[in-house]
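The structure appears right after this line, and notes come after that.
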Amino acid sequence: GELVDDAGRTVGAFRAAALPGGGALHVFTLPEGQLFGLGAGGLEGSSQAVVGGTERFAGAAGSYTVAVAPGLPGRSVTFTFSLTPSLPEA
């Protein structure tokens, strides 16, 4: 799907792939590189792990939470990231 910022501008893309055992691989493609995440179970209210990245996000680790907008499951989702080490502002 499409990633947009708070102003509604497209800033990247999101893809997910199911893994055996109920987990999922998440790929966030942004102009500065990609972030890779892993999670188990459904998205809503869950904590997911950031397991790496490319380019600006190389060596990224941390977590992110997911909130699905009411009435629009799978269509309007908010991702909130906490990365360590902190990445410099672009």
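Bear in mind that the values here come from a model prediction, so they are computed numbers and not experimental data. Just so you know, residue 1 is the first one in the sequence shown, and it goes up from there.
Val4 has its side chain out of reach of Arg9: every pair of non-hydrogen atoms, C-beta onward, lies at least 4.5 Å apart.
One hydrophobic cluster, built from ILVMFWY side chains closer than 4.5 Å, cannot hold both Leu25 and Leu3; they sit in different ones. Phe57 and Val51 are members of different hydrophobic clusters when ILVMFWY side chains are connected at heavy-atom separations under 4.5 Å.
The aromatic rings of Phe28 and Phe14 sit tilted relative to each other, their planes meeting at an angle between 30° and 60°.
Annotation: the span from Leu38 atom CG to Leu19 atom CG amounts to 6.5 Å, rounded to 0.5 Å. Rounding to the nearest 0.5 angstrom, the gap separating the CG atom in Leu35 from the CG atom in Leu30 is 6.5 Å. Here the CD-CZ distance, from Gln34 to Phe36, works out to 4.5 Å after rounding to the nearest 0.5 Å. Going from atom NE2 of His26 over to atom CZ of Arg15 covers 12.0 Å, rounded to the nearest 0.5 Å.
Remark: side-chain polar atoms of Thr54 are not paired, donor with acceptor, to backbone N or O of Gly33 under 3.5 angstrom.
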